[in-house]
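Below, chains carry the letters A, B, ... as their sequence lines are ordered, and counting in each starts from 1.
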Amino acid sequence: MAKQRTFYGAERFIGFLTPLALLGLWEAAARTGLIDARFFPAPSSIVHTFGALVASGELWTNLTASLRRLLLGMLVGGVPALFLGLAMGISRPLRAAIDPLIAATYPIPKSAILPLVLLIFGLGETSKVVMVALGAFYPILINTVMGVANIDKIYLDVGHNFRASRWQVFRTIALPGALPSIMAGVKLAMGMGLILIAISEMVAASDGIGYMIWNAWQVLTVDTMYVGLLVIALLGFLFSTIIDEVERLLIPWKART
Amino acid sequence: MAVVSMLSPKPNAVQDQAPVQISLRGVRKYFGSSGFVAVDGIDIDIPQGQFFVIVGPSGCGKTTLLRMLAGLEGISEGTMTISRSDPSRPENSMVFQGDSLFPWMTVYDNAAYGLRMRGVAEKDVADSVKLWLERIGLWRFRDRYPNQLSGGMRQRVSIVRAFANDPEILLMDEPFSALDEQNKMLLHEELLRIWEATKKTVVFITHSVDEAVTLGDRIMIMTANPGREKAIIDVPFTRPRNVLELRHDPAYGDLVFHIWEQLRDEVQRARLNSEGGK
Ligand SMILES: Nc1ncnc2c1ncn2[C@@H]1O[C@H](COP(=O)(O)OP(=O)(O)OP(=O)(O)O)[C@@H](O)[C@H]1O
Ligand SMILES: [Mg+2]
């Protein structure tokens with residue numbers, strides 16, 4: 001046991017060390033001119049720009065704009081996907097009716113729909129929210145349908161044997177049984193949402209992290225571009241940590257003792 | 001000695017007078033378009049309060065028969081009549097073959113499932129669940145999830161889930177087959193204890209002849225597929241039974257031998273069937 005623990009401790013330490021070492025190398029290489037600092041500015045200068053952007057409030061404005069669109073889009077796309085998915089998982093006829101639609105539209109890259117979305121919803125907030133919603137909709141829908149459909153038949157037999165009503169079967173078996181799969185879908189949706197918010201803000205926005213990155217390219221403030229990338233990476237990490245935590249709360253039976 | 005006194009001349013005298021609870025007439029079950037016959041004409045009457053055991057080779061249709069009794073499977077032919085003595089109680093509850101506890105519910109919530117589904121007030125649910133979990137020695141594990149229990153504990157919870165629902169009929173499909181001998185012996189004792197306290201009608205499926213003789217009032221031996229009745233045997237031991245002492249009884253060994261003899265042919269036939277089917 002003790003041996004295992006120190007091993008995990010060491011693993012963690014190594015995991016921390018590698019990026020630090022790389023950053024150190026990068027810094028050294030940029031300062032000595034080994035790599036072109038116009039494309040790969042030294043980490044210290046990126047951190048400096050980061051501080052400046054925070055101080056000016058610019059970063060905060062862009063961050064909140066992106067976050068708002070992201071969360072709104074997740075809700076707008078995710079909630080209907082969840083309910084439709086549960087319904088499709090339970091009702092075979094509904095699944096038969098809707099499956100082909102999903103199969104046909106799912107492979108279309110969501111970024112390819114952006115012009116159409118802009119055409120329909122205009123350049124305002126709605127189009128960005130719709131893009132995220134589209135990205136969140138599919139993974140959550142598909143994972144929910146699969147989660148319900150793959151519930152072991154014996155649990156449904158137990159439900160019937162104990163005379164559970166349709167609604168009770170839904171609430172006590174379909175939903176909790178599908179929850180692990182649903183949460184996996186939420187994780188995918190969040191990743192998809194981050195990609196799509198960045199893309200749509202680059203094309204059609206005057207604020208947001210995506211806009212910040214795109215604007216930095218246009219005015220060639222490369223440091224700012226890196227700050228934007230860093231912020232997106234941190235967001236991704238933050239969200240997956242939050243979702244993991246929510247998962248632990250919602251699915252306590254998966255926890256190992 | 002106690003061993004001798006276990007043999008009484010008319011062991012089923014009381015049950016013979018009990019009203020019939022389950023009556024099957026020519027019950028058949030076909031599956032699919034090929035019309036595969038799983039159960040081929042069963043005629044039995046099971047009196048109220050009887051512990052009825054079904055043994056038979058694998059694939060002979062035991063589970064199918066039980067599922068028809070539970071209403072989880074339709075009957076292709078024949079009639080099934082179930083008489084109710086108390087319509088306010090559920091007709092039957094099943095202990096399923098294999099793991100069937102909801103992994104997402106605690107021991108407590110699993111045990112409470114049936115009562116909650118029929119809208120029993122939460123206070124009464126609590127009383128009943130506590131009683132049953134205490135009876136079977138799992139009350140202090142009530143907040144655990146099934147994956148935090150041993151196989152034997154899980155099996156006990158699924159038995160409690162069925163008993164706590166207080167049905168007229170208990171259907172049990174090889175509830176102990178996955179357990180080791182020692183656990184099995186303890187659970188036989190526990191099951192007999194709680195069954196004798198409630199005297200529900202039980203239909204119990206097993207592969208184990210020892211289990212059948214230890215627990216049952218009456219044993220139906222089934223033929224290899226297609227499943228029919230091969231023999232019905234009365235078990236002469238009195239209640240309450242002592243699981244350990246029972247095995248001392250020479251009549252116990254004789255009965256086990258007698259049942260094995262009849263079962264052996266069917267098990268061999270089932271093997272030939274499955275080899276021929278390849
Ligand atoms: N839904 C089904 N569709 C088609 N065939 C089925 C179905 N359920 C069971 N069968 C077939 O019916 C036969 C009897 O199955 P059943 O499960 O009742 O056997 P069993 O006696 O319970 O066997 P075991 O002791 O191994 O549990 C088997 O040959 C099985 O393949
Ligand atoms: Mg079976």
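The nearest pair of heavy atoms linking A:N161 to B:A70 is ND2-CB, 3.8 Å. The two atoms that bring B:R116 and A:Q168 nearest to each other are O-NE2, 4.1 Å, heavy atoms only. Among all heavy-atom pairs drawn from A:H160 and B:L72, the shortest one is CB-CD2, 3.8 Å.
Within the 4.5 angstrom heavy-atom criterion, no atom of A:L179 approaches chain B. In this structure, chain B has heavy atoms under 4.5 Å from both the backbone and the side chain of A:T172. B:R144 does not touch chain A: none of its heavy atoms, backbone or side chain, sits under 4.5 Å away. Heavy-atom distances place no part of B:L171 under 4.5 Å from chain A, backbone and side chain included.
The aromatic rings of B:W104 and A:Y155 sit perpendicular, their planes meeting at an angle over 60°, well past the 30° parallel limit. Note: A:F162 and B:Y113 have perpendicular aromatic rings, judged against thresholds of 30 and 60 degrees for the angle between ring planes.
Residues of residues 86-96 of chain B that come within less than 4.5 angstrom of chain A, heavy atom to heavy atom, are B:N92, B:S93, B:M94, B:F96 in numerical order.
A 6.0 Å sphere centred on CZ of B:F31 holds more than 12 heavy atoms belonging to other residues, nucleotides or ligands.
Checking side-chain atoms of B:N147 against main-chain N and O of A:W253 turns up a donor-acceptor pair under 3.5 Å.
For B:T64, there are no side chain to side chain donor-acceptor pair (under 3.5 Å) partners two or more places apart in sequence or in a different chain.
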